[in-house]
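Below: the structure, in structure tokens.
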Amino acid sequence: MRSFNFGAGPAMMPEAVMLQAQQEFLDWHGSTMSICEFSHRSKEFMAIMEEVELNLREILIIPPHYKMIVVTSPTRLHFAGIPMNLLGRNGKAGYAETGVWSEMAFKEACRYGDIQSVTQAKLLNYSAIAKESEWQIDPDFAYIHYTDNETIHGLQFSEVPKVGQIPLVVDMTSILLSKKINISDYGLIYAGTQKNISPAGLTLIIIREDLLHQEMPVTPTSLNYRFLAEQKSLYYTPNTFSCYFMLLTLKWLKNLGGLEAIEKINREKSQLLYDVIDQSHGFYTNSVNPKFRSIINVVF
Ligand SMILES: *Cc1c(COP(=O)(O)O)cnc(C)c1O
């Protein structure tokens, strides 16, 4: 028997994936070594990284002009990494503040440039997100940042915000690989893997090639997305176990039927919970407008 953990992350993982990791932990594919004992520059581990990329590209349908990097880091390190890589010449960006995570991203980014808040869900008690037509958008923004799924408030964008030609930068921690998305809608997608994909320690970044050359002179080498992409995510020693585990999860997801199948499961599962909450006569409450309710973490 296993316990149900409703926490958003680190979260429950597919049992089949954990069993496979357990089975091959001491002897990976007849090598008489654990995958954790391989050099990150061995052909075996490099093959795992290549497979991770191939599988992610296939599942998410990532177009060739997008680069993908795996960064060993807390997700929130990129609250600084993003402005340090994308602010470019004019040093200006807009942030949609819709909950704890995007507010934290906004505050951190303010240390690196002229960062403006375009909307605040706080004004609506985090029950909904204002339409883009009401956002304060400066056409000179190098990018607009938002958080697709605000994990703590259980508040999720119902559609991709329409912001014209300004590149969208999105935090998809807690939502990446749980629904279908169209990569071309974004300039940069980033996500910590501990909510849906693997044990903690990694951040995935998918970035449109043309945005890769705007880093600041002070941007740390280990946080320089262009350089890390050139090094195929193997500049420093990554969290090799988590990379390996991610590959197992990706294969499991493909077998399950990919994003379409998992999105259906997530919508049905979350609806079950929302129904119980809404029919509990106030015993449980969820104050998020149904249009903006998260399909992946239900708060009550
Ligand atoms: C969990 C979470 C984070 C923070 O992740 P860390 O790896 O702890 O920094 C950031 N953004 C979102 C949307 C999250 O859900």
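Counting starts at 1 for both ligands and their atoms, following the listed order. This one's a predicted model, so the numbers in the text were calculated from it and none came from an experiment. Each residue takes its place number in the sequence, starting with 1.
In this structure, His153 and Tyr126 have parallel ring planes: the angle between them is below the 30° cut-off, well short of the 60° mark. Note on ring orientation: taking the six-membered ring where Trp is involved, the planes of Phe25 and Phe241 are perpendicular (angle over 60°, cut-offs 30° and 60°).
Under a 3.5 Å cut-off, the side chain of Ser102 and the backbone N or O of Glu97 do not form any donor-acceptor pair. In this structure a side-chain-to-backbone donor-acceptor pair under 3.5 Å is missing from Ser198 to Met246.
Between Glu51 and Lys251, at least one side-chain nitrogen of the basic residue sits less than 4.0 Å from a carboxylate oxygen of the acidic one, meeting the salt-bridge criterion.
Neither the backbone nor the side chain of Glu150 comes within 4.0 Å of ligand 1, counting heavy atoms alone. Under 4.0 Å from ligand 1, not a single heavy atom of Thr203 appears. Residue Thr151 touches ligand 1 through its side chain alone, judged by heavy-atom distances below 4.0 Å.
Annotation: Gln194 places an N or O atom under 3.5 Å from an N or O atom of ligand 1; distance criterion only.
In this structure, Phe300 has its ring center closer than 6.0 angstrom to the ring center of Tyr284.
Between Asn149 and the options Asn297, Thr173, Asp171, a side-chain hydrogen bond (donor to acceptor under 3.5 Å, both in side chains) holds for only Asn297.
Atom 2 (C) of ligand 1 has as its closest protein heavy atom Lys195 NZ, 2.6 Å. The closest protein non-hydrogen atom to atom 8 (O) of ligand 1 is Arg76 NH2, 2.7 Å. For atom 5 (O) of ligand 1, the nearest protein heavy atom (residue, atom name, distance) is Thr75 OG1, 3.2 Å. Atom 11 (N) of ligand 1 has Asp171 OD2, 2.7 Å as its closest protein atom, hydrogens excluded (heavy atom only).
Below 4.0 Å from some heavy atom of Thr147 lie the following atoms of ligand 1, by number and element: 13 (C).
Using a 4.0 Å heavy-atom cutoff, Met104 is absent from the residues neighbouring ligand 1.
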